[in-house]
> 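Pasting in a structure now, in structure tokens, and then I'll have a few things to ask.
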There are 2 protein chains.
Amino acid sequence: MATTPTRQPARRRRAQRGSGEQLRAEIVAAAKELMAHARSVDDISMRAVAEAVGVTPPSIYLHFADKDALLAAVVIDVFGELDKAMLAAGEAESSPLGRLRAYGRAYVKFAIEHPEHYRLAAMEPCVEPRNALDEVLNSSAFAHFNATVIECIAAGIFVSDDPLGITFELWAAAHGAAALLVAKPYLPFGDTEAFTDRVLCAAALGHAAASLLPDLEPETIAGWLTVQRSS
Amino acid sequence: MATTPTRQPARRRRAQRGSGEQLRAEIVAAAKELMAHARSVDDISMRAVAEAVGVTPPSIYLHFADKDALLAAVVIDVFGELDKAMLAAGEAESSPLGRLRAYGRAYVKFAIEHPEHYRLAAMEPCVEPRNALDEVLNSSAFAHFNATVIECIAAGIFVSDDPLGITFELWAAAHGAAALLVAKPYLPFGDTEAFTDRVLCAAALGHAAASLLPDLEPETIAGWLTVQRSS
DNA sequence: GTCGGTAACTTATCTACGGTAAGTTACCGG
DNA sequence: CCGGTAACTTACCGTAGATAAGTTACCGAC
């Protein structure tokens, strides 16, 4: 009675011969699930993941070199979900600019609804800097975002021969809103969706307006604003 | 010879009777220094901090309840440095808008030069949510930023009765650039200062331009841009 | 059928961490 | 000079990530 229950009840049946990948998928799923209820990546231990799957901790290391590798796998998974959410949000929009904003809204919404997943994917120092570049740039979410920026250029919204640069700018704005809302949720941002929309809209409109001015000196901007307001 | 060297050589002299605060300051300084060379907060252990100061680990707990409390003290210290850097950068600027951008540039520059400090201060889930609100809002850096936004409203750059909202928006842009540059330094942002400037300028100009439009529907924006470009 | 090879998994253990309880040292006011 | 207490230390606990070495059970070959 006083003996620890160990993990006898959750003991998992040994997998079929060729299906070692099955356990890998279960581990990623378990880690992702655990992360949804954790406040930090430190809160989820390899032991906890192992127990959730019904396996002993060392078994995880047969599929992942270390904890970082497991978390990286979760990140890839999370990026996929984010992409789906963004695509779904942009479907209804007809204009490229509208789609861009819908993407941004969905991006921030996803971050708020999955704070720990977003934190891991976008706010932690990247786990493996080797292929990380390709992973981010080739991630569907980023690619779709960039494609829509290109559409905006084609539609005359933006004037630039560097769509990637614009994408990074807009991403910075979206990430800034998301990161702030996730890291400091107690600050008086007001309605989060309205705040997000203001930030995103300012970023897009600001970039477009910048191309209307000869330069971006404070005096030039102030003068331009005065002229605009008076007319 | 084979015995571990323990920490005999770095043994610290016992402090004077009334000066317990001295050790506290040394601990914070050591933690801040260690963090400069660490890749994550997990890389700096209480043991390492203790050894750097020349003290045994439990002594730290006489001044800080736990590791989070120590890190919180470091955060406060870091915010102070950030404020100094921002003020210095804004001194030369005469116009409020120029000062605002100088602040933003200095903010991002500080984040890039002190990535781990910035990460701890702005990207980690806040350590103590109780007084954290006041700490951030009353932090000098934030206060100065907000004051300059108010100046911009007075100068007619922005039109709003909610300066705090504008401050949050601009902060989101600056934080987005900083966080992205810190978390994903390998991405092809190009020149970091130029990138930062574009993001900041777009945020400020975008907010100002938004007040020129009747609404922010995609069609309205596209139409306005067409008119502007043709004139 | 059975039997060796090996994939799949476990037991046992290492080192390091954050944190605590209980003890010890040395300063200092009376 | 002596007792009180601030300022520390020694010893320890539980848990974490990770590894080495062992064990089990599937499965193809003969």
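Just so we're on the same page: letters track the sequence lines, and every chain starts at 1.
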> Nearest whole Å is fine: how far is D/dT15 C1' from A/Lys67 NZ?
12 Å
> Whole-Å distance between C/dC17 P and B/Ile60 CD1?
12 Å
> Whole-Å distance between C/dC17 P and B/Arg47 CZ?
6 Å
> Whole Å only: how far is the CD atom of A/Glu51 from the C1' atom of C/dC9?
17 Å
> Quick one: list whatever passes side-chain hydrogen bond (donor to acceptor under 3.5 Å, both in side chains) with B/Glu113, sequence neighbours left out.
B/Lys109
> Using ring centroids (six-membered ring only for Trp), state whether B/Phe142 and B/Phe168 fall under 6.0 Å.
yes
> Among residues two or more places apart or on two chains, list those pairs meeting salt bridge (Lys or Arg N to Asp or Glu O under 4.0 Å) that have a residue in residues 79-91 of chain A.
A/Lys32-A/Glu81
> How many Å lie between OH on A/Tyr61 and P on C/dC9, as a whole number?
17 Å
> Please report the distance, rounded to the nearest Å, between CD1 in A/Ile27 and C1' in D/dA18.
15 Å
> Go through the structure and list residues passing side-chain hydrogen bond (donor to acceptor under 3.5 Å, both in side chains) with A/Tyr118, not counting sequence neighbours.
A/Tyr107, A/His175
> Could you tell me whether the side chain of B/Leu187 reaches within less than 4.5 Å of the side chain of B/Leu180, counting heavy atoms only?
no
> To the side chain of B/Asp66, which of C/dT10, C/dG19, D/dA11 is closest?
C/dG19
> Any idea which of D/dA11, D/dA20, D/dC8 is nearest the B/Leu23 side chain?
D/dC8
> For A/Ser160, give me all partners under side-chain hydrogen bond (donor to acceptor under 3.5 Å, both in side chains), at least two apart in sequence or on another chain.
none
> As a test of reading the structure: which of C/dG18, C/dT11, D/dA18 is closest to the side chain of A/Met46, going by heavy atoms?
D/dA18
> Rounded off to whole Å, could you give me the CZ-to-C1' distance for the A/Phe64 and D/dT19 pair?
18 Å
> Does anything in residues 28-44 of chain A reach DNA chain C, meaning a heavy atom under 4.0 Å, and if so which residues?
none
> In whole angstroms, how far is the C1' atom of D/dA21 from the CG atom of A/Leu62?
13 Å
> So does B/Ser45 get a side-chain nitrogen or oxygen closer than 4.0 Å to the phosphate oxygens (OP1/OP2) of C/dC17?
yes
> Would you say B/Ser59 reaches D/dC8's phosphate, i.e. side-chain N/O to OP1/OP2 under 4.0 Å?
no
> Identify, with sequence neighbours excluded, every residue that meets side chain to side chain contact (heavy atoms under 4.5 Å, CB included) alongside B/Arg198.
A/Glu169, B/Ala194, B/Phe195
